[in-house]
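All remarks here apply to the structure that follows.
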Protein chains: 2
Amino acid sequence: MTETRKQDTDGTPGPVAARRPGGRTARTRARILDATLHVVARDGIAGLRYEEIAELAGVHRTSVYRNWPDRDELVNAALLQYSGTVELEDTGDLRHDLVDYLVALADLLSTTTGRAIQRVIQSARENPEVALPVDRIFERRLARLQQVVDAAVARGELPPVDGYFLAELLTGPVHLYVSRGLRPFTRTEAERITDVVLAGLRHTAG
Amino acid sequence: MTETRKQDTDGTPGPVAARRPGGRTARTRARILDATLHVVARDGIAGLRYEEIAELAGVHRTSVYRNWPDRDELVNAALLQYSGTVELEDTGDLRHDLVDYLVALADLLSTTTGRAIQRVIQSARENPEVALPVDRIFERRLARLQQVVDAAVARGELPPVDGYFLAELLTGPVHLYVSRGLRPFTRTEAERITDVVLAGLRHTAG
């Protein structure tokens, strides 16, 4: 295997690898996951071929097999890396962190890959092969949101709230804005949504 | 053309025709639109064939051509009929009307046809053939919502609000609930969403 590439942005699909730290092995893994995501976005999961992923990633096929002998694990890892590019921070200012999160989510969903992956995720209901990794990612995101929200509740910023409900209230509008594409989703939109939802929760508690 | 069917529920795809009033011509048209929706949901718009629609509707092909010589108009009419099964009422109680609307929307989105049509609608961004009918339907729904909301604003029920923003806040969570399918979408959920959004709008105005 001859890796002569100087940067990750040359032939790599997706925005993930360029930002990922770590050594050569980590970069190779990230590139494989990017390629997997790209192929899943383009063709779905059903006909996924390691050879195609290896070619797109610029690595040998054995390198893909060695890292992920199991195809489901490979898909799961790719979706996790994709999803991990948008993380909810906890700076102690819930409103600010939520707005940042919604803006980052909208940016991710607006990419060609993001749109395609959303379609794969939405087909999860009819496709048990996708349901498990999708559910895992969703549970992970949800646990993180609940953690951040619980901290804000403990600080007295808002009444106790179910993370699932809050997630749907906040991200549902973002998904619709982006998928309709009738208006650009700006930081102002993220702020308006967050402000209405937080104010609403404060005035309907109990 | 021999129409011997006694009811619309025998071979008709979708829930629309059975509820539609009117004479035999109206029933035939409704059945053609149901069949169109069914074919669009299954195969998308690109390869739509009048022959297949006629067969599915149990009518002659000429009957489809006579009613809709233009294919785009046929698709548009089918999507309009589909969308028209969920209408926002205006009883003078905004909260109640919105909750009813969200419950009906969730029911529609939960059907197999509803899910399939959602995918067609979501592909509208990449498929100009669908964009126009989808935008028309959305504009029509939005105008109706703005009308009902403006009446509530005039009654002093809430501060002036942009219909588009309100639509995304209310229906975004419904879309996510249904597409994720992790929890059933009940009337209680519709009430919680509506209450938080209305309370939030009342406390963030200006």
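In what follows, chains are A, B, ... by sequence order, proteins preceding strands, each numbered from 1.
- Taking CG from B:Leu142 and CG from A:Leu182, the interatomic distance works out to 9.0 Å, rounded to the nearest 0.5 Å.
- Separation of atoms CZ (B:Arg192) and CG (A:Asp162) is listed at 5.5 Å; rounding is to 0.5 Å.
- Taking CG of B:Leu176 as the start and OG1 of A:Thr171 as the end, the distance is 4.5 Å to the nearest 0.5 Å.
- Using a 4.5 Å cut-off between non-hydrogen atoms, no part of residues 97-104 of chain A approaches chain B.
- In this structure, CG on B:Leu198 lies 10.5 Å from OG1 on A:Thr204, to the nearest 0.5 angstrom.
- Between A:Tyr164 and B:Tyr177, the angle of the ring planes goes over 60°, which puts this pair in the perpendicular group of the 30/60° scheme.
- Taking CD from A:Glu168 and CZ from B:Arg180, the interatomic distance works out to 5.0 Å, rounded to the nearest 0.5 Å.
- To the nearest 0.5 Å, the span separating CG on B:Asp195 from CG on A:Leu201 amounts to 11.0 Å.
- Note on A:Val174, A:Leu170, A:Ile193: by heavy-atom pairs under 4.5 Å with chain B, the leading option is A:Ile193.
- Residue contact with chain B, scored on non-hydrogen atoms closer than 4.5 Å, involves the backbone and the side chain of A:Phe165 alike.
- Within the 4.5 angstrom heavy-atom criterion, no atom of A:Thr112 approaches chain B.
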